[in-house]
Number of protein chains: 2
Amino acid sequence: MDISNYRHDDRILLAVDCIIFGFDGKELRALIIKRGFEPEAGKWSLMGGFVNEGESVDRAASRVLYELTGLTNIYMEQLYCFGDVSRDTAGRVVSIAYYALINIADYSEQLQRDHEAKWYSLHEIPSLIFDHTEMLHKAQLRLREKVANQPIGFELLAEKFTLPQLQNLYEAIYQGPIDKRNFTRKILSLGILKKLAEKEKTSSRKGAFYYVFERDKYSQLEHEGMKFI
Amino acid sequence: MDISNYRHDDRILLAVDCIIFGFDGKELRALIIKRGFEPEAGKWSLMGGFVNEGESVDRAASRVLYELTGLTNIYMEQLYCFGDVSRDTAGRVVSIAYYALINIADYSEQLQRDHEAKWYSLHEIPSLIFDHTEMLHKAQLRLREKVANQPIGFELLAEKFTLPQLQNLYEAIYQGPIDKRNFTRKILSLGILKKLAEKEKTSSRKGAFYYVFERDKYSQLEHEGMKFI
DNA sequence: CCAAAAGTGTTTCTATTACACCCATGT
DNA sequence: ACATGGGTGTAATAGAAACACTTTTGG
């Protein structure tokens with residue numbers, strides 16, 4: 001490659017930061033780590049890392065997510081590029097933020113200990129370094145918009161889930177109660193959930209039927225114009 | 001500043017590219033330039049430039065827009081970060097794309113000649129270098145979403161505009177006809193347009209009343225939840 | 001007087017909201 | 001038998017879509 005035509009001596013580092021969302025059945029949480037290096041070592045931070053020369057920015061984000069969680073094939077979306085001059089106190093670092101949705105149960109406690117990571121409820125997030133609080137806030141807004149129009153909420157649940165679980169998730173994301181009957185009707189009317197014969201029995205005596213999200217049914221439909229809530 | 005803790009020798013250049021939209025009264029257009037340097041000199045391209053060490057990414061985008069158009073205080077929004085390894089054939093350049101909305105009449109013909117720039121109708125865009133076609137496409141989608149929920153369409157029109165002009169704009173953005181009565185009712189019901197006594201008389205014998213967008217009225221309202229179409 | 005674009009209401013339909021009782025089961 | 005959470009239908013309301021004629025005026 002020849003970049004000789006690009007005369008540009010400025011040194012800007014490029015990083016990615018990941019907002020990782022999980023759902024514990026009642027609350028929406030984000031995975032926050034204790035930063036392990038200076039500056040700001042020991043403070044709460046999003047998981048991040050530098051983009052390497054031979055890897056795409058998307059790839060870097062996936063790698064950073066993998067380093068923290070050991071997970072691959074995770075729903076992940078680019079959020080925004082944060083490019084203020086002094087956002088990182090140690091140098092000129094431009095960061096591309098991504099948010100990921102994972103099933104909280106898939107995250108191993110071992111890794112959690114290794115990285116001094118913690119799932120914080122979105123209401124109890126401590127103060128984060130740099131502009132990470134802003135990133136998290138923006139991710140929350142994006143998630144709220146996105147989840148209304150695309151079937152990404154399922155990414156936060158297990159393969160099998162019950163309608164009450166799904167409703168709890170939406171209530172957590174929207175931070176408000178949703179009418180059970182209206183919710184059930186709407187979500188089932190989309191025709192993308194398959195009801196299983198099996199019931200979830202731990203959270204009630206009656207038990208709630210499990211459902212699975214049928215990705216292929218969804219793909220057949222127009223991706224546009226589908227309202228999930 | 002001390003970046004010694006950030007051991008990172010990779011050389012990634014950071015650029016911005018601008019999708020500049022204008023509206024000619026009938027069609028939505030984008031401002032495309034003949035690239036003046038290698039690689040790909042002489043080919044059609046978006047206007048772009050590198051981010052300098054002492055300037056924010058947003059600032060770089062505004063500067064690049066200014067260099068091409070001489071305009072400041074323009075509506076501009078970050079679109080997406082394009083970070084594939086080989087997107088630029090001459091080196092590793094990550095680009096943050098922005099889109100801007102300008103009143104096409106504010107763009108001087110002199111500058112247009114200086115930069116070998118051209119307003120292309122979105123249906124007649126030539127093949128662009130690198131991933132610029134993808135950028136433009138993404139900007140179009142974003143504009144469509146955005147214009148439905150925020151009052152940014154006005155940025156593409158003159159200070160004073162008529163309802164038929166505004167409707168033409170929305171029809172161009174959505175690429176389909178809109179019912180005149182429904183459109184008028186909806187847009188006026190928002191209470192953010194002020195009708196002037198003056199009429200625009202060039203495009204019809206009867207003449208159409210001018211309106212102005214009242215920014216302050218809009219600011220008073222909730223920015224969220226307002227549907228424009 | 002006529003061509004051309006502006007302006008204006010009503011009805012239909014669809015989607016959203018509000019709302020309360022019975023069901024199944026483990027203890 | 002009862003406490004707990006799961007499941008279900010209908011009526012009222014609001015928002016979106018469909019639709020056609022009259023007005024103005026320069027030529």
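If you're wondering where the values come from, they're calculated on a predicted model, not measured in any experiment.
Rounded to whole angstrom, the span from the OH atom of B:Y210 across to the P atom of C:dG7 amounts to 12 Å. A:I178 has its CD1 atom 15 Å from the P atom of D:dG6, to the nearest Å. If you take CZ of A:F183 and C1' of D:dT8, they are 15 Å apart, rounded to a whole angstrom. Taking atom CG of residue B:L188 and atom P of nucleotide D:dG15, one finds them 17 Å apart after rounding to whole Å. Atom CG in A:D179 sits about 11 Å away from atom C1' in D:dT8, given to the nearest Å. Separating the OH atom of B:Y170 from the C1' atom of D:dA16 is a distance of 17 Å, rounded to the nearest angstrom. Rounded to an integer number of Å, the gap from B:L190 CG to D:dG15 C1' is 13 Å. Rounded to an integer number of Å, the gap from A:Y174 OH to C:dT16 C1' is 15 Å.
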Review point. What string of B, S and - do you get for nucleotides 20-27 of chain C, 5' to 3', if B is base contact, S is sugar-phosphate-only contact and - is no contact with any protein heavy atom under 4.0 Å?
Key: B--BBBBS
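Picking from C:dA18, C:dT8, D:dG7 the nucleotide with the shortest atom distance to the side chain of A:N182 gives C:dA18.
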Quiz: residues 75-82 of chain B side-chain donor-acceptor pairs under 3.5 angstrom, not counting sequence neighbours:
residue : atom : partner : partner atom : Å
B:Y75   : OH   : B:E77   : OE1          : 3.2
B:E77   : OE1  : B:Y99   : OH           : 2.5
B:E77   : OE2  : B:R142  : NH1          : 3.0

**Study point:** Chi angles and distances behind the salt bridge (Lys or Arg N to Asp or Glu O under 4.0 Å) call for A:E134, A:K138
**Key:** CA-CA 6 Å; A:E134 187 190 346; A:K138 205 171 177 102; 5.8 Å; no
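Counting only distance, with no hydrogens or angles, the side chain of B:D84 and the backbone of B:R87 share no donor-acceptor pair below 3.5 Å. Here the side chain of A:N149 pairs a donor or acceptor atom with the backbone of A:E145 at under 3.5 angstrom.
Within 4.0 Å of B:T162, counting heavy atoms only, lies no atom of the nucleic acid at all.
Ring-plane geometry between A:W44 and A:Y120 is classed as perpendicular, the angle between the planes exceeding 60 degrees on a 0 to 90 degree scale with a lower cut at 30.
With salt bridges taken as basic N to acidic carboxylate O contacts below 4.0 Å, one links B:E155 and B:R215.
B:K186 has a side-chain polar atom (N or O) that falls below the 4.0 Å cut-off from OP1 or OP2 of D:dA16.
Using modelled atom types and a 3.5 Å distance limit, the side chains of B:E27 and B:S121 yield a donor-acceptor pair.
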